Trainee: 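Have a look at the structure that comes next, please.
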Amino acid sequence: MRQSKLFIPTLKEVPNDAVVASHVLMLRAGYVRSLGAGIYSFLPLGYKVVKKITEIIREEMDAIGGQEFHLPALNPREIWEETNRVEAFGDTMFHLKNRDYILAPTHEEIITYHARKVVNSYKDMPQIWFQIQTKFRNEPRPRSGVIRGRQFLMKDSYSMDVSEEGLHLSYKAHEEAYKKIFNRCGLKFFVVGASSGAMGGSGSEEFMVKSEAGEDTVAYCEDCGYAANVEVATSNASRKLRDEVSKEVYEIHTPDVKSIDELCEFLKIDESECAKSRVYIASGNPVLILMMGNDEVNETKLQKVLGDEVRPAHPEELKEITGADAGSIGPIGFKGKIYADYRIMNANNMYSGANKNDYHIGGIDFMRDVPSAEYADFRIVRSGEECPKCGAALGVFPAIELGHIFKLGTRYSEAMGAMFTDENSTEKPIIMGSYGIGVERVMACAIEQEHDENGIVWSKSLAPFDIHLLGLNMKKDNVAIASERLYKMLTDAGYSVLYDDRIDAGAGFKFKDADLLGMPLQVVVGEKGLKEGKVELKLRKTGKRVDTQIDYILESVKSLLDELPV
RNA sequence: CGGGGCGUAGCGUAGCCCGGCUAGCGCGCCUGGUUUGGGACCAGGAGGUCGCAGGUUCGAAUCCUGCCGCCCCGACCA
């Protein structure tokens with residue numbers, strides 16, 4: 001395509017509203033424009049990328065026997081009442097004002113609705129139905145450009161099976177398909193086991209990509225592939241060993257000492273000798289949580305152990321409950337249930353607050369002085385700690401959730417009466433799975449993962465064009481003629497070529513645009529090279545440049561593109 | 001929904017505290033010319049409800065009130 005005729009509104013400066021790299025670059029390179037918070041228009045170049053992604057998804061879904069549907073975004077509300085999800089979604093669901101319709105945030109109900117009419121026998125299964133369509137969610141806070149929007153493209157598929165074993169096969173098929181999809185998109189991803197939560201069902205995994213723009217925090221081991229949401233992640237953090245001799249408990253005047261670091265500094269001790277106190281309210285009752293040193297309490301783990309609604313105590317409550325303010329609280333004299341992290345289990349000669357402002361207590365022996373304490377893993381894993389599986393160093397970082405696969409079970413089929421008859425003439429609910437991929441997120445992640453200060457670096461598989469052909473000075477006949485010839489040669493050879501044939505743009509301008517737009521290979525036609533009958537090829541990703549005789553262009557292009565993995 | 005920031009030409013911004021504006025600058029745009037290997041140069045030109053509404057004032061981009069929108073942090077995220 002000739003760039004002079006394309007709508008690619010590039011921006012030299014960073015738009016005021018964009019912060020994360022993918023958002024900035026999509027706007028600057030003219031791939032998308034925003035229409036409102038969390039609502040984006042895809043411009044021609046951006047839509048080309050979307051189509052590349054959806055085509056990869058489609059191929060891999062077809063390969064596992066998926067059948068594509070086109071489902072309504074406009075849904076009668078009553079269908080969603082059948083599973084009680086109108087209430088479950090609450091304000092996140094868009095409701096129409098002038099008719100009792102909702103805008104579909106996902107499609108379990110619609111799929112189940114159709115399934116109950118037509119899937120009646122065990123002979124009808126397994127089925128995999130999928131769609132690649134716009135979904136609507138009234139997100140309270142859209143953010144990070146296309147990564148969290150109110151309207152977004154999603155590939156959703158739904159499996160229907162007669163047994164748990166069948167569901168497992170469908171689930172595994174999707175897991176493998178997803179790996180292929182993300183690999184083909186050139187993404188470096190990892191799979192995190194997730195608790196299935198409110199979706200119901202027996203298993204689920206998330207496909208994640210590391211990114212500063214991520215909304216989840218995960219712990220990941222490069223060596224063995226261990227990956228877990230930080231809410232549930234564990235590590236082999238060292239435990240505090242017991243000293244041979246336990247000192248007596250003694251009070252220490254510690255004026256203005258609030259934090260663990262200040263306490264260590266004041267007493268010249270290590271933070272592993274300190275028990276940090278955190279007071280939580282669980283179902284109205286105060287509980288004390290003791291952590292080693294600066295370890296942070298993981299509220300998800302805490303909630304799991306306590307089993308109740310848990311919240312941190314307010315500052316006023318602290319004083320009332322313990323007689324001291326935060327920074328001077330400890331287990332000795334605490335009236336209420338006491339929990340402690342495994343790391344300081346049965347430790348002795350520990351320091352903690354005295355429940356009296358400006359005082360701490362030393363020589364605490366948990367076995368002797370806090371015998372009622374219960375121990376569990378309450379800590380938030382930190383980067384660099386040992387992987388619980390292989391002992392290598394864990395990385396803890398933010399990540400974007402690209403895809404999620406669920407074993408739904410019978411939650412929707414039971415609620416909506418989607419039943420089938422098995423070999424024994426017994427009526428049973430269909431066993432379902434649901435599997436989603438955020439299409440725009442794939443695009444954003446690809447950019448997050450592969451870009452530099454000059455712009456986007458597309459993989460071959462997602463790039464809107466294979467080659468960016470730059471005719472530097474199109475007013476010179478020799479440049480124009482050679483460029484036109486190359487354009488034809490490359491196009492005829494089957495490459496998709498973005499041809500910068502603009503007459504008025506300067507050379508620097510074209511280079512900057514090309515780097516910003518991010519096609520994998522640039523072919524530069526300039527007067528200098530033409531004197532020797534040569535043009536320059538440049539790989540966007542590595543910056544590698546090669547001069548080639550025009551007659552050998554196809555060989556050179558092929559060998560350079562072959563250097564790229566995807 | 002809580003906290004913070006912002007809203008001035010297509011984009012990026014100055015001016016706002018301390019009212020005097022006929023609103024300045026860079027990029028982009030238009031015309032003519034010179035340029036063409038990393039966002040060129042010269043000359044001329046067009047383009048603004050200063051987010052909206054109300055108020056204070058002789059006078060409001062500037063002060064006050066309300067609203068709207070956008071971004072960030074948090075809460076939320078089936």
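These numbers were taken from a predicted model, which means no experiment stands behind them. Quick note: numbers below take in every heavy atom, side chains included, and nothing from hydrogens, waters or symmetry partners. Quick note on labels: first sequence line is chain A, next is B, and so on, each numbered from 1.
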Trainee: Starting the side chain at C-beta, find the nucleotide from rC71(B), rG37(B), rG38(B) nearest to E536(A).
Mentor: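 For the E536(A) side chain, the nearest candidate turns out to be rG37(B).
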
Trainee: May I have the distance from R28(A) (atom CZ) to rG39(B) (atom C1'), rounded to whole angstrom?
Mentor: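 Taking atom C1' of rG39(B) as the reference, CZ of R28(A) is at 10 Å.
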
Trainee: Quiz question: going by heavy-atom distance under 3.5 Å, is there a donor-acceptor pair between the base of rU36(B) and the side chain of K476(A)?
Mentor: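 No pair found.
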
Trainee: Ignoring the backbone of K512(A), work out which of rA75(B), rG38(B), rU35(B) is nearest its side chain.
Mentor: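 When the side chain of K512(A) is considered, rG38(B) is the closest of rA75(B), rG38(B), rU35(B).
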
Trainee: Could you measure between the two C1' atoms, the one in rC29(B) and the one in rG47(B), and give it in whole Å?
Mentor: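 Approximately 9 Å lies between the C1' atom of rC29(B) and that of rG47(B).
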
Trainee: Give a yes or no on whether a donor-acceptor pair under 3.5 Å exists between the nucleobase atoms of rC77(B), that is its base, and the side chain of R148(A).
Mentor: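 Flag set: donor-acceptor pair detected.
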
Trainee: Using atom C1' of each nucleotide, how far apart are rG54(B) and rG15(B) to the nearest Å?
Mentor: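 That atom pair is separated by 24 Å.
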
Trainee: Please report the distance separating the P of rA61(B) from the corresponding atom of rA9(B), rounded so that it comes out in whole Å.
Mentor: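 These two P atoms come out 14 Å apart once rounded.
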
Trainee: Counting the atoms with a prime plus P, OP1 and OP2 as sugar-phosphate, which does L27(A) contact under 4.0 Å by heavy atoms, base, sugar-phosphate, or nothing?
Mentor: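 No contact at all - L27(A) keeps every heavy atom at 4.0 Å or more from the nucleic acid.
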
Trainee: With rounding to the closest Å, how many angstrom separate the P atoms on rA46(B) and rC1(B)?
Mentor: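 So the two P atoms sit 46 Å from each other.
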
Trainee: Give K475(A) one of three labels, base, sugar-phosphate or nothing, depending on what nucleic acid heavy atoms sit under 4.0 Å from its own.
Mentor: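 Base contact.
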
Trainee: Does a distance-only test, which skips hydrogens and angles, find a donor-acceptor pair under 3.5 Å between the side chain of N473(A) and the base of rG37(B)?
Mentor: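 Flag unset: no donor-acceptor pair detected.
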
Trainee: Heavy atoms from C-beta onward define the side chain here; which of rG37(B), rG39(B), rC72(B) lies closest to that of V524(A)?
Mentor: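 Nearest listed nucleotide: rG37(B).
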
Trainee: Consider only side-chain N and O atoms of T217(A) and N229(A), and report whether a donor and an acceptor are under 3.5 Å apart.
Mentor: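 N229(A) and T217(A) do not have a side-chain donor-acceptor pair below 3.5 Å.
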
Trainee: Distance alone, cut at 3.5 Å: any donor-acceptor contact between the side chains of D515(A) and Q522(A)?
Mentor: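 A pair is found: one side chain offers a donor N or O, the other an acceptor, under 3.5 Å apart.
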
Trainee: Determine the stems involving RNA chain B; a stem requires 3 or more consecutive pairs of the Watson-Crick or G-U wobble kind, each with both distances below 3.5 Å, and the answer is none if no such run exists.
Mentor: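 RNA chain B forms these stems: B:1-7 with B:68-74, B:10-13 with B:24-27, B:29-34 with B:40-45, B:51-55 with B:63-67.
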
Trainee: Classify A18(A) by what it touches in the nucleic acid, base, sugar-phosphate, or nothing, heavy-atom distance under 4.0 Å.
Mentor: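 Nothing: the residue A18(A), judged by heavy atoms under 4.0 Å, touches no strand.
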
Trainee: rA75(B) C1' sits how many Å from E299(A) CD, rounded?
Mentor: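 After rounding, the gap between these two atoms is 12 Å.
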
Trainee: Have S170(A) and K172(A) got a donor and an acceptor in their side chains that come within less than 3.5 Å?
Mentor: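 Not at all, the side chains of S170(A) and K172(A) share no donor-acceptor pair under 3.5 Å.
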
Trainee: Quick one about Y178(A) and K155(A) (side-chain donor to acceptor, distance below 3.5 Å, no hydrogens or angles considered), yes or no?
Mentor: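 Judged by distance alone, the side chains do pair up.
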
Trainee: Using a 4.0 Å heavy-atom cut-off, does S144(A) contact any base of the nucleic acid, only the sugar-phosphate backbone, or nothing at all?
Mentor: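 The residue S144(A) makes sugar-phosphate contact but no base contact.
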
Trainee: Does either side chain, that of H451(A) or that of E448(A), offer a donor lying less than 3.5 Å from an acceptor on the other one?
Mentor: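 The answer is no; no qualifying pair exists.
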
Trainee: Please report the distance, rounded to the nearest Å, between CD in Q3(A) and P in rG39(B).
Mentor: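 For the pair Q3(A) CD and rG39(B) P, the rounded distance is 17 Å.
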
Trainee: Could you pick out which residue, K528(A) or G145(A), lies toward the 5' side of RNA chain B when each is mapped onto its nearest nucleotide?
Mentor: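 Its nearest nucleotide being more 5', the pick is K528(A).
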
Trainee: Confirm from the modelled atom types if R502(A) and rG39(B) form a donor-acceptor pair under 3.5 Å, side chain to base only.
Mentor: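 Check fails, no donor-acceptor contact within cut-off.
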
Trainee: Heavy-atom count check: over 12 atoms from other residues, nucleotides or ligands less than 6.0 Å from R150(A) CZ?
Mentor: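 Yes - once you tally the heavy atoms of other residues, nucleotides and ligands closer than 6.0 Å, there are more than 12.
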
Trainee: If you measure from the P atom in rU62(B) to the same atom in rC18(B), how many Å do you get, rounded?
Mentor: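 rU62(B) and rC18(B) have their P atoms separated by 14 Å.
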
Trainee: Please lay out, stage by stage, how Y101(A) and N75(A) fare under the test side-chain contact (heavy atoms from CB on, under 4.5 Å).
Mentor: CA-CA 5 Å; Y101(A) 286 163; N75(A) 292 180; over 6 Å; no

Trainee: Do the side-chain N or O atoms of R141(A) get closer than 4.0 angstrom to the phosphate oxygens (OP1, OP2) of rC73(B)?
Mentor: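 The answer is yes; a side-chain N or O of R141(A) sits under 4.0 Å from OP1 or OP2.
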
Trainee: Using the P atom as the reference point in each nucleotide, state the distance between rC11(B) and rC16(B) in Å, no decimals.
Mentor: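 Per the computed distance, 23 Å lies between those P atoms.
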
Trainee: Does one side chain, of S204(A) or E206(A), offer a donor that lies under 3.5 Å from an acceptor on the other?
Mentor: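 Not at all, the side chains of S204(A) and E206(A) share no donor-acceptor pair under 3.5 Å.
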
Trainee: Reckon K538(A) touches a base, only the sugar-phosphate, or nothing at all at heavy-atom distances under 4.0 Å?
Mentor: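 Touches a base.
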
Trainee: Measuring only the C1' atom in each nucleotide, how far is rC50(B) from rC63(B)? A whole number of Å is fine.
Mentor: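 Pairwise C1' distance, rC50(B) against rC63(B), rounds to 16 Å.
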
Trainee: Considering residues, nucleotides and ligands other than Y113(A), do more than 12 of their heavy atoms fall under 6.0 Å from its OH?
Mentor: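 Count not over threshold, so no.
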
Trainee: Taking the same atom, P, in rC64(B) and in rG20(B), what whole-Å distance lies between them?
Mentor: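 It comes out at 15 Å once rounded to the nearest Å.
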
Trainee: Can you confirm whether the side chains of Y40(A) and Q151(A) place a donor and an acceptor under 3.5 Å from each other?
Mentor: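 No - no donor-acceptor pair under 3.5 Å links their side chains.
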
Trainee: Answer with yes or no whether the side chains of R116(A) and Y412(A) bring together a donor and an acceptor at under 3.5 Å.
Mentor: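 Looking only at side-chain atoms, R116(A) and Y412(A) do not form any donor-acceptor pair under 3.5 Å.
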
Trainee: Give the rounded distance in Å between these two atoms: CG of D504(A) and P of rC41(B).
Mentor: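 Value for this atom pair: 16 Å.
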
Trainee: In residues 30-43 of chain A, what residues come within less than 4.0 Å of RNA chain B, judged by heavy atoms?
Mentor: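 Going residue by residue through residues 30-43 of chain A, the ones with a heavy atom under 4.0 Å of RNA chain B turn out to be G36(A), A37(A).
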
Trainee: Would you check if there is a donor-acceptor pair between the side chains of H404(A) and E205(A) at a distance under 3.5 Å?
Mentor: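 Their side chains do not contain a donor-acceptor pair, so the 3.5 Å distance test is not met.
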
Trainee: List the steps, then state whether side-chain hydrogen bond (donor to acceptor under 3.5 Å, both in side chains) holds for H174(A) with S159(A).
Mentor: CA-CA 9 Å; H174(A) 276 88; S159(A) 63; 5.4 Å; no

Trainee: One character per nucleotide, please: for nucleotides 6-13 of chain B, 5' to 3', B when the base has a protein heavy atom closer than 4.0 Å, S when only the sugar-phosphate does, - otherwise.
Mentor: -----BSS

Trainee: Stacking between F509(A) and rG39(B), defined as ring centres under 5.5 angstrom apart with planes under 30°, is that present or not?
Mentor: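 Per 5.5 Å and 30° rule: no stacking.
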
Trainee: So, is the end of the K301(A) side chain (NZ or CZ) under 6.0 Å from the ring centre of F378(A) and within 45° of the ring's axis?
Mentor: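 No cation-pi geometry.
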
Trainee: Please compare R150(A) and G526(A) by the position of their nearest nucleotide in RNA chain B and report the one closer to 5'.
Mentor: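 Residue closer to the 5' terminus by nearest nucleotide: G526(A).
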
